[in-house]
Amino acid sequence: MKLHCCPARTALTTINKNGFPSAQALPNTKPSGEEFMSKLLRRRWTLLSPDTNIHQITVSSKQGQKGGGLFSNFSFLNNNQPHLGNMMLYENQGLYFYIVRDDLLHPFVNGNKARKLDGLLPLIEDHGVTDVVTCGGCQSAHAAAVAVSCAERGLKSHLLLRGEQPQILTGYNLISTIYGNITYVPRTFYAHREEMLQTHASMVAGHTGSVVYCSDIIDSSLASQTFECSKFVQRDAPRGTENHSRKVAIVNEGAKDAVALLGMFRLVDYLSRDHLLGKKRAFNFVVDSGTGTTAVGLGLAAMYLGLPWKITAVMLADTMDTYRQQERRLIAEFKRQFRFLLDSHKLNGGNDGIVHWVDRCHPRK
């Protein structure tokens, strides 16, 4: 995730909370952005802290040098302790941008994947889940993140990876193999992901177990009128033993569910603190988008807090129509699951919704 920032007189660019009452008990007046965020953040999290490092990259041109590639005429200087907060207005000079170093959150779990699982895994735990089934490509960062995070919490992960097993295990594939239970799925079967996930989850659950989706867990949490201390199961109760039936949770490919947006809300709340980026200064966050979930989460959180932040998402895997459809689906799911009416005129205030989707300049390798 990167964060770009330009001089004070130019545009600012940036790259890449629980307790809810039942729907009947909701007040007629919508809470303020900060009140809503406070309720949303009142929960258990996977990450002990929302903190992240912010680095500043200063760009300067090299005089008299020609050729050698797109950036050969520029030099880049990394400052890992930049002036933030009010000091940004006085100390930062020249052309520069910021990078939000979520890649440093965990040695094996990719940054935005850790954020997606931040609010999800505690809910899965509290729901008494013993096993998690998900899917992804052979080198899926999402699958590896689920495998590692589940192993750290005593849950069993079952990863359905597209294609054939490589001759040499490397990268995320190696991490997934070490921490999870891998099944390689032919591409023809993988094309029908929902059926594939349901079938495998049912097989893992067996005749005495059960299967739930992330949306089921959220709906049950709302019905019980609590997120903070779930009544589903004792947190230290034994799981996965012979005397206990398996409860299998299905996490969609890329964790592209509304519950995955929670971690983005937590991140935005952290970044908008006065000693960091603050709530008044305009920023443009630029993110690479596979499923688009991270971009939508950042956009929703910024909108609720009334932040003058723009979210620009570089499309990596699909068409603009598909990403916009995904944006609408996540917003609708978020509205349904969290029983909170979004400000429709803000969401529909432009053709691009809350996220500005852009094409990738160069083909993805």
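Because the structure is predicted, anything quoted here is derived from the model rather than measured.
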Which atom pair, heavy atoms only, marks the closest approach of [X] to [Y]?
| X | Y | result |
| --- | --- | --- |
| H106 | E152 | NE2-OE2, 2.7 Å |
| L160 | V133 | CD1-CG1, 4.4 Å |
| K113 | A145 | CB-CB, 3.6 Å |

Tell me whether F76 at atom CZ has more than 12 heavy atoms from other residues, nucleotides or ligands lying less than 6.0 Å away.
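Count over threshold, so yes.
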Assigning hydrophobic clusters by single linkage (Ile, Leu, Val, Met, Phe, Trp, Tyr; side-chain heavy-atom cutoff under 4.5 Å), is [X] placed with [Y]?
| X | Y | answer |
| --- | --- | --- |
| I57 | L95 | yes |
| L47 | I54 | no |
| V109 | I182 | yes |
| L276 | V268 | yes |

Using modelled atom types and a 3.5 Å cut-off, is there a donor and acceptor pairing between side-chain atoms of S157 and backbone atoms of C150?
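It does not hold such a pair.
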Keeping N80 on the side-chain end and H55 on the backbone end, is there a donor-acceptor pair under 3.5 Å?
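A pair under 3.5 Å: no.
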Hydrogens and angles aside, do [X] and [Y] bring a side-chain donor and acceptor to less than 3.5 Å of each other?
| X | Y | result |
| --- | --- | --- |
| S61 | N73 | no |
| R328 | Q325 | no |
| E253 | Y190 | yes |

Aromatic ring pairing W309/F283, orientation class (parallel under 30°, perpendicular over 60°, tilted between)
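The arrangement is perpendicular - the two ring planes meet at more than 60°.
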Between CG on residue N112 and CG on residue L105, distance to nearest 0.5 Å
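Between atom CG of N112 and atom CG of L105 there are 10.0 Å.
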With a 3.5 Å cut-off and sequence neighbours excluded, list the donor-acceptor pairs that the side chains of residues 200-211 form with protein atoms.
residue: S202; atom: OG; partner: Q198; partner atom: O; Å: 2.9
residue: S202; atom: OG; partner: Q198; partner atom: NE2; Å: 3.2

Identify all side-chain donor-acceptor contacts of residues 169-177 below 3.5 Å with residues at least two apart in sequence or on another chain.
residue: T170; atom: OG1; partner: Q139; partner atom: NE2; Å: 3.3
residue: Y172; atom: OH; partner: N110; partner atom: ND2; Å: 3.4
residue: N173; atom: ND2; partner: C138; partner atom: O; Å: 3.1
residue: N173; atom: ND2; partner: Y184; partner atom: OH; Å: 3.1
residue: S176; atom: OG; partner: A144; partner atom: N; Å: 3.3
residue: S176; atom: OG; partner: Y172; partner atom: O; Å: 3.0
residue: T177; atom: OG1; partner: N173; partner atom: O; Å: 2.8

